[in-house]
Amino acid sequence: MDKSLVAAEYLLRARRTLKEAQIAFEDGDLYYTVVRSLDTIENLARVLLALKDIFRYELLWNTTIMLNDESNIEKKLRDLELKLIPITLINESSLRTPTVIIRNKEAEMLVDEITKILEEVEGIYDEYHD
C-alpha cells in the first residue's frame, strides 16, 4: 500500500470537509459546522498516521499518536477533537433538530484554526515528498 497515495486521499477529504464546514458556518448552521470540523480533524489525523505507516484506524488516533513521539500539530489536533466531541453530545434545544453549545464567534475561530492546521499538514505532506 502506497502511504503517500493514502495520505493524499485523506488530505483531499480534509479539504472537502473543511470547505463544507465553512459553507455551513456561512449559512448559520453551527451544528453542521462542528460536525464537519470534527470530520476534518479526523481526516488530517489520518494523513499524519498514513505518513507514519500506521493504518490501524480502529484504534483512537490520538492514542496511536501518543504511543509515538508527539509533534505540536498532533497535540493541536487531539486537543481540538477533545474540545469538540462533548459539544456535539450536549443538545441544548428542546426541538427535534440538533444544536450545539457554540456561538458564532467561537465557530468562526474554530474554522480559522482548522484552516491553519490544514495548511500545516499540507506542509508536512509536501516535506515528506522532498
Side-chain angles (χ1 to χ4, degrees):
M1 180 180 305
D2 186 0
K3 60 184 175 181
S4 176
L5 291 176
V6 174
E9 176 64 29
Y10 284 118
L11 192 55
L12 179 65
R13 290 181 189 179
R15 287 185 193 116
R16 185 180 318 117
T17 54
L18 179 59
K19 184 177 180 181
E20 291 171 359
Q22 290 168 334
I23 291 169
F25 173 72
E26 291 167 4
D27 290 344
D29 186 352
L30 299 181
Y31 178 78
Y32 200 65
T33 301
V34 172
V35 168
R36 296 315 277 168
S37 294
L38 269 170
D39 291 341
T40 304
I41 291 168
E42 180 180 322
N43 287 321
L44 291 173
R46 287 183 176 186
V47 169
L48 297 175
L49 290 173
L51 292 176
K52 290 183 176 184
D53 253 349
I54 301 172
F55 296 103
R56 295 185 55 204
Y57 298 134
E58 69 273 4
L59 298 173
L60 286 175
W61 70 265
N62 52 27
T63 303
T64 307
I65 288 175
M66 288 173 67
L67 296 174
N68 301 304
D69 70 357
E70 191 172 16
S71 72
N72 190 33
I73 188 77
E74 293 164 348
K75 288 178 188 174
K76 287 180 189 178
L77 286 170
R78 186 188 68 238
D79 292 346
L80 264 176
E81 182 184 48
L82 293 175
K83 176 180 152 186
L84 292 178
I85 287 176
I87 290 174
T88 61
L89 299 177
I90 299 172
N91 190 356
E92 67 176 4
S93 174
S94 61
L95 305 174
R96 291 182 184 253
T97 58
T99 61
V100 289
I101 53 170
I102 190 170
R103 302 297 171 242
N104 284 335
K105 189 61 179 173
E106 295 169 313
E108 181 181 11
M109 291 168 41
L110 170 68
V111 171
D112 290 343
E113 186 173 359
I114 293 176
T115 302
K116 290 176 187 170
I117 292 173
L118 175 71
E119 291 169 0
E120 287 181 52
V121 172
E122 286 174 336
I124 293 170
Y125 180 80
D126 291 341
E127 287 174 12
Y128 175 80
H129 290 93
D130 288 343

Same apolar cluster (I L V M F W Y, side chains within < 4.5 Å links), Val34/Met109: no
[atom1]-[atom2] distance between [X] and [Y], expressed to the nearest 0.5 angstrom:
| X | Y | atom1 | atom2 | value |
| --- | --- | --- | --- | --- |
| Tyr32 | Asp27 | OH | CG | 11.0 Å |
| Glu9 | Asp2 | CD | CG | 12.5 Å |
| Asp39 | Leu18 | CG | CG | 11.5 Å |
| Thr40 | Ile114 | OG1 | CD1 | 5.5 Å |
| Asn43 | Thr17 | CG | OG1 | 5.0 Å |
| Glu120 | Leu48 | CD | CG | 10.0 Å |

Step-by-step salt bridge (charged side-chain N to carboxylate O under 4.0 Å, His left out) determination, Glu119 to Lys116: CA-CA 5 Å; Glu119 291 169 0; Lys116 290 176 187 170; over 6 Å; no
So do the side chains of [X] and [Y] get within less than 4.5 Å of each other, counting heavy atoms only?
| X | Y | answer |
| --- | --- | --- |
| Tyr31 | Val35 | yes |
| Leu80 | Ile117 | yes |
| Tyr10 | Glu42 | no |
| Arg16 | Leu12 | yes |

Which atom of Phe25 lies closest to which atom of Leu30, heavy atoms considered: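 It is CD1-CD2, 4.2 Å.
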Shortest non-hydrogen contact between Ser4 and Tyr128, atoms and distance: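 It is CB-CE2, 4.2 Å.
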Partners meeting side-chain contact (heavy atoms from CB on, under 4.5 Å) with Ala21 (sequence neighbours left out):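 So Ala21 forms a side-chain contact (heavy atoms from CB on, under 4.5 Å) with Arg36, Ser37.
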Worked check of side-chain contact (heavy atoms from CB on, under 4.5 Å) between Thr33 and Ile23: CA-CA 8 Å; Thr33 301; Ile23 291 169; over 6 Å; no
Side-chain ion pair, Glu74 and Lys52, N-O less than 4.0 Å: yes
Carboxylate-amine/guanidinium contact Lys76 Glu113, below 4.0 Å: no
